[in-house]
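Worth knowing before you read on, the calculation uses all heavy atoms, side chains too, and leaves out hydrogens, waters and symmetry mates. Whatever order the structure lists them in is the order used to number ligands and atoms, beginning at 1. Quick note: residue numbers are just sequence positions, from 1.
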Amino acid sequence: MSLQIDSVEWTPDLESGVDVLDAQHRRYFELVNAFLQRASRTPSTPETVSDLAETFNFLRQYAVEHFSTEQEIMRRANYPDFELHEKQHLYFLKHVEELYQQMKSKGYSAALAREVNYYTIEWFIRHIRVTDMKLVKFLKEESARDKNLLGFLSRMYGSLFPKRGNDAVL
Ligand SMILES: [Fe+2]
Ligand SMILES: [Fe+2]
């Protein structure tokens, strides 16, 4: 089975400077890599296909969590492009849900691997570079005016990543 890609690397240009988003994006990359590694060594027995689908589902669920964090931030910051950004999240989740269902019912083909790579890597990286970075620019401008927004981002980071402390924000 040709899977084309077996890992994806976090690069510094994906760093936004908003800690909570960067930490979640990094975690997402870790989960993509865990999935890709599993996919690259999975022979297609029903059990391993089902294990692989569940690893993919874990990644899908993390994306749901991450998107809901971003959406909470956008609401709190009265972000003017909220709807457009949310639409992109919904687009991704719709496709990833379809891929998960296909994986469960038909196994992991080379064609499905290409689709998975497109949405979970290419699409996602482009979304960070363009759409998330636009939000980040707004958050940086807005938090210069609204110190409560900084506090909100800091608390959110602290509650999601308690071990790494509560003080880092932007
Ligand atoms: Fe994001
Ligand atoms: Fe986003």
- Item | Ring center gap for F82 and F138 short of 6.0 angstrom | no
When you check the gap from the basic side-chain N to the acidic O, do R114 and E122 get nearer than 4.0 Å?
-> no
Shell check on the Fe ion (ligand 1): protein N, O or S atoms less than 2.8 Å away are H25 NE2, H66 NE2, E70 OE2, D132 OD2
Hey, what's the ring geometry for F92 with F124, parallel, tilted or perpendicular (30° and 60° as the breaks)?
perpendicular
message: I'd like to know if the side chain of R60 pairs up with that of N57 as donor and acceptor (distance under 3.5 Å, no hydrogens or angles considered).
response: yes
Counting neighbours of CZ on F58 that are heavy atoms of other residues, nucleotides or ligands and sit closer than 6.0 Å, is the number greater than 12? no
Looking at R75 and E72, is there a salt bridge between them, counting it only when a charged N and a carboxylate O are closer than 4.0 Å?
no
